[in-house]
A.B. asks: 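Here it is, the structure, as structure tokens.
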Amino acid sequence: MVSAMEIYQLLPREACKECGYTSCMALAVALLNREKKLEDCPSLLNPKYLEKFKKLKELLAPLEKASETGLIIHPEKCFGCGNCVVACPVNVAAEPTRCAVGLGPQGDRVILAVEDGVVKCMNIKECKRFGPNRVLCNACTVTCPSQAIEFV
Amino acid sequence: MVVCTGCSLLCEDIELVLKDGTISQAKNLCRKGHAHFQALFIERTRPMIDGREVSLDQAISKAAEILKSAKSPLFYGWSNSTLEAQAAGIDLARRLGATIDDTSSFCQGILMELVLTGKVPTCTLDDVRNFADTSVFWGADPSNSHPRHLSRFAYYPRGEKRQKSYEEERICIAVDVRKSATARLCSNYYFRVPPGQDAEFIESILAVLDGKIPRFGDKKRMIELGTVLRKTEYGVIFPGLGMVYSLQEKMDLLVRLVAKLNEITTFMVLPMVDHYNMRGFNQLLLDETGFINRVSFQGGTTVHGPEQSVMAAAKSCDAALVIGSDPLSALPFGTARALAKTSLIAIDPRRSLTTDAAKVVIPSAMYGLEAGGTSLRLDGVKIEFEPFFKSELLSDEQILAKIKEAI
Ligand code: SF4
């Protein structure tokens, strides 16, 4: 997954503060968190940075697929083992008689469920990584045997 | 709810939606199970004799004719059939004086025998979920072979005594030749054992448990492993094919290790059987004959031994009935060639190398979707299932009954 440092190195690094941040590194982090767009950096739009702009666009493209919490699922890597479904604390709380004891969910209040052999993500707003009080829960990524789930 | 017959976990919480003759939605089915069920809709078998399509009745009478005139028929397969079909098969083999063997003969049979004859203690997967705090996957990679094993039983679910589950109360240990997908989840409890050196590894554990210095492997890591095993309250060893092929005739070492561990704490053994009802066949044959596989009923007697294994019998039989298995793809070339040369009868829902080479092909219904019955999960728990939808196709036991009737 792309890092803030990689983004930073491709920015013009003129420290013009036009984007509203005090440093270019802060903008790099904001880009990674998808709080800002490349177009928010006026210097980058200068034709002399066209190459860098193109590279950055490419680098940030995968982030566009991520959900609001930064969760990305790679279905082609998923085994459908359901480890994340059973480990996710929101799933466990939503279905204490099913997900908590290893069974697949039946209701529609869960975040993760296995469908057609691979994991699917829904109700993303319920994820602990969402909203102002978010916590950096990583139950679904550490339990995945095939790196099919990651956070940006 | 549908029961998945994709592996020996026989998951019972599957929800399917059937639309226009295919499965349009499958909930809770893992990738392996999904592929298993989707395969139903491609390359189905048709009744055939010598590569020509015939009616089902013609194929069945031809099969009966071949078996009737055979002097030493071989019955092989069985791990992908229900208990009802297996019982019918054993009965038919007895009547015809045939040799009967299943896939356990060249894979997990040796381990299964230890479990079924009580030489090592065992438990159910529900016990694993409720009580186990240490699971050892040895020469097995359930993330690939039994995808839902860790999420349903061994590591992630909360159980009666394991409410804090993998976060605090459970440990998974992987012993393997490579860092498998499962080993990646075991973080620092992965122990790499080079191929064929499991015996030395066991001896090292035994030494550590006796308070001696281990001779094999990294001493510090071995002592660490010994400490984890000692501290375990309820441990389960899940041996896979990797262990079987590595230990071979030194399987008594595993028995010694388990006995030693049970002097200290509780440790169970549950072989990682692959096919969904291999354990069922082994149990049925054991109850009937005292042996789990490799049995010949020739001349009205019951003989068991290496000569009755599929490897040997394939070369000496004059007809073979293969059910729900593809030995021509799976077995060594010599055995496969011998089988292909005999009068081969294949009963299978799907096309395979074996059905392609068979003299007679009889299409059957797929268990779980088109036919119901009873099977033994890998821990011996009986799972009953109904067909998901109605099919014209006959189940294995119905086909065997028809063959028996024709004979
Ligand atoms: S773990 Fe096995 S039984 Fe369960 S859904 Fe997957 S293939 Fe089917």
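These values consider heavy atoms only, across backbone and side chains, with no hydrogens, waters or symmetry-generated copies. Throughout, protein chains are lettered first and strands after them, A, B, ... in sequence-line order, and every chain is numbered starting at 1.
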A.B. asks: Of the non-hydrogen atoms in A:Lys77 and B:Arg31, which two are nearest, and what is the gap between them?
C.D. replies: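 Heavy-atom minimum between the residues: C-NH1, 4.3 Å.
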A.B. asks: Could you look at A:Pro89 and say if it's the side chain, the backbone, both or neither that has a heavy atom under 4.5 Å from chain B?
C.D. replies: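 Neither; nothing under 4.5 Å.
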A.B. asks: Of the backbone (N, CA, C, O) and the side chain (C-beta and beyond), which part of A:Val85 lies under 4.5 Å from a heavy atom of chain B, both, or neither?
C.D. replies: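 Neither; nothing under 4.5 Å.
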A.B. asks: Evaluate whether atom NZ of A:Lys120 has more than 12 neighbouring non-hydrogen atoms of other residues, nucleotides or ligands under 6.0 angstrom away.
C.D. replies: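 Count over threshold, so yes.
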A.B. asks: Relative to chain B, which segment of A:Ser146 carries a heavy atom at a distance below 4.5 Å: side chain, backbone, both, or neither?
C.D. replies: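 Contact with chain B involves the backbone of A:Ser146 alone.
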A.B. asks: Got more than 12 heavy atoms from elsewhere within 6.0 Å of CD, A:Glu39?
C.D. replies: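 Yes, CD of A:Glu39 has more than 12 neighbouring heavy atoms, counting only those of other groups under 6.0 Å.
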A.B. asks: Tell me, for A:Cys144 versus chain B, whether the close heavy atoms (under 4.5 Å) come from the side chain, the backbone, both or neither.
C.D. replies: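 The answer is the backbone of A:Cys144.
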A.B. asks: Within a reach of under 6.0 Å around NZ of A:Lys55, are more than 12 heavy atoms found that belong to other residues, nucleotides or ligands?
C.D. replies: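 No, not enclosed.
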A.B. asks: For A:Arg98 and B:Asp13, run side chain to side chain contact (heavy atoms under 4.5 Å, CB included): C-alpha distance rounded to whole Å, both residues' side-chain angles, the deciding distance at 0.1 Å, then the answer.
C.D. replies: CA-CA 10 Å; A:Arg98 296 193 62 88; B:Asp13 57 349; 3.5 Å; yes
A.B. asks: What part of B:Ser24 is in contact with chain A, defined as an atom under 4.5 angstrom from a non-hydrogen atom: side chain, backbone, both or neither?
C.D. replies: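 Just its backbone gets close to chain A.
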A.B. asks: What's the shortest heavy-atom distance between B:Arg129 and A:Val101, and which atoms?
C.D. replies: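 Nearest heavy atoms, B:Arg129 then A:Val101: CD-O, 3.3 Å.
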A.B. asks: What pair of heavy atoms forms the shortest contact from B:Ser143 to A:Pro145, and how long is it?
C.D. replies: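 That closest heavy-atom pairing would be OG-CB, 3.7 Å.
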A.B. asks: How about CZ on A:Arg13, more than 12 heavy atoms from neighbouring residues, nucleotides or ligands closer than 6.0 Å, or not?
C.D. replies: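 Count over threshold, so yes.
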A.B. asks: What is the distance from atom SG of A:Cys81 to atom OH of B:Tyr156, rounded to the nearest 0.5 Å?
C.D. replies: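 Interatomic distance, A:Cys81 SG to B:Tyr156 OH, rounded to 0.5 Å: 7.5 Å.
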A.B. asks: For a 4.5 angstrom cut-off between non-hydrogen side-chain atoms, does A:Pro105 reach B:Asn28?
C.D. replies: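 Yes, at least one pair of side-chain atoms sits under 4.5 Å.
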A.B. asks: Identify which part of B:Arg184 has an atom lying under 4.5 Å from any heavy atom of chain A, answering side chain, backbone, both or neither.
C.D. replies: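 The side chain, not the backbone.
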A.B. asks: Report which part of B:Glu15 has an atom under 4.5 Å of a heavy atom belonging to chain A: side chain, backbone, both, or neither.
C.D. replies: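 Contact with chain A is through the side chain of B:Glu15 alone.
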A.B. asks: A quick test of your reading: do over 12 heavy atoms of other residues, nucleotides or ligands sit less than 6.0 Å from CG of B:Asn188?
C.D. replies: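 Enclosed.
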A.B. asks: Tell me, for B:Leu185 versus chain A, whether the close heavy atoms (under 4.5 Å) come from the side chain, the backbone, both or neither.
C.D. replies: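 When you check distances to chain A, only side chain atoms of B:Leu185 fall under 4.5 Å.
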A.B. asks: With a 4.5 angstrom heavy-atom cut-off, is it the side chain or the backbone of A:Pro96 that approaches chain B, or both, or neither?
C.D. replies: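 When you check distances to chain B, no heavy atom of A:Pro96 falls under 4.5 Å.
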A.B. asks: Taking all atoms of both residues into account, what is the closest heavy-atom pair of B:Ser151 and A:Asn83, and its distance?
C.D. replies: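 Smallest interatomic distance, heavy atoms only, reads CB-OD1, 3.2 Å.
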A.B. asks: Specify the closest pair of heavy atoms between B:Tyr166 and A:Ala87, including all atoms of both residues, with the distance to one decimal.
C.D. replies: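 B:Tyr166 and A:Ala87 have their closest heavy atoms at OH-CB, 3.6 Å.
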A.B. asks: Quick check: closest heavy atoms across B:Asn144 and A:Phe79, and the distance to 0.1 Å?
C.D. replies: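 The pair with the smallest heavy-atom distance is OD1-CZ, 3.8 Å.
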